[in-house]
Amino acid sequence: MKVLEKKIRIEGTVMPWHQFARWAIQNGWLPYKKENATTRYEKNSKKSRTEYRLQKGGLYYKVSKTVFDFASYLAGKDPCCFSLAEEERPAAEPPDHRR
């Protein structure tokens with residue numbers, strides 16, 4: 001897939017998305033799906049949006065659905081099992097660390 005071949009720069013290293021997903025899973029990052037996500041610019045929006053992440057602790061990288069699905073496949077789990085339950089969500093939104 002062309003999406004997985006696109007390049008990303010993470011911590012000074014340039015790599016394709018598929019390599020980043022493999023690195024993230026190997027280093028303990030897990031795919032999570034956040035329902036009804038809004039940005040600070042969309043606070044008054046009625047539109048519901050899903051945000052796909054690779055998350056470890058309070059840190060996360062926003063990823064596309066394709067990268068999320070690939071990471072879920074690598075983790076060996078069904079993607080629907082990675083939604084954050086209301087009680088599992090952090091109190092404050094951590095900053096986006098994607099560069």
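- Scanning all heavy atoms of the two residues, the minimum distance from Glu5 to Pro16 falls at O-CB, 3.9 Å.
- Separating the NZ atom in Lys33 from the OG1 atom in Thr50 is a distance of 6.5 Å, to the nearest 0.5 Å.
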| request: Quick one: do Tyr52 and Thr66 satisfy side-chain contact (heavy atoms from CB on, under 4.5 Å)? Show the steps, please. | output: CA-CA 9 Å; Tyr52 300 97; Thr66 303; over 6 Å; no
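- With Tyr32 as the aromatic partner, Arg53 does not meet the cation-pi criteria of under 6.0 angstrom to the ring centre and within 45 degrees of the ring axis.
- Between Trp29 and Leu59 there is a side-chain heavy-atom pair separated by less than 4.5 Å.
- Leu4 places a side-chain heavy atom less than 4.5 Å from the side chain of Val67.
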| side-chain contact (heavy atoms from CB on, under 4.5 Å) between Val63 and Trp17, worked out | CA-CA 9 Å; Val63 297; Trp17 275 106; 3.7 Å; yes
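- Between the side chain of Gln55 and the backbone N or O of Gly57 there is at least one donor-acceptor pair closer than 3.5 Å.
- Under the 30°/60° scheme for interplanar angles, the aromatic rings of Phe70 and His18 are found to stand perpendicular.
- Separation of atoms CG (Leu74) and CH2 (Trp23) is listed at 14.0 Å; rounding is to 0.5 Å.
- Note on Glu51 versus Lys62: salt bridge recorded, some NZ/NE/NH1/NH2 to OD/OE distance being below 4.0 Å.
- Using a 4.5 Å heavy-atom cutoff, the side chains of Ser64 and Val3 are in contact.
- From Met15, atom CE reaches atom NZ of Lys7 across 10.5 Å, with rounding to the nearest 0.5 Å.
- Considering only heavy atoms from C-beta on, Ile25 comes within 4.5 Å of Pro31 through its side chain.
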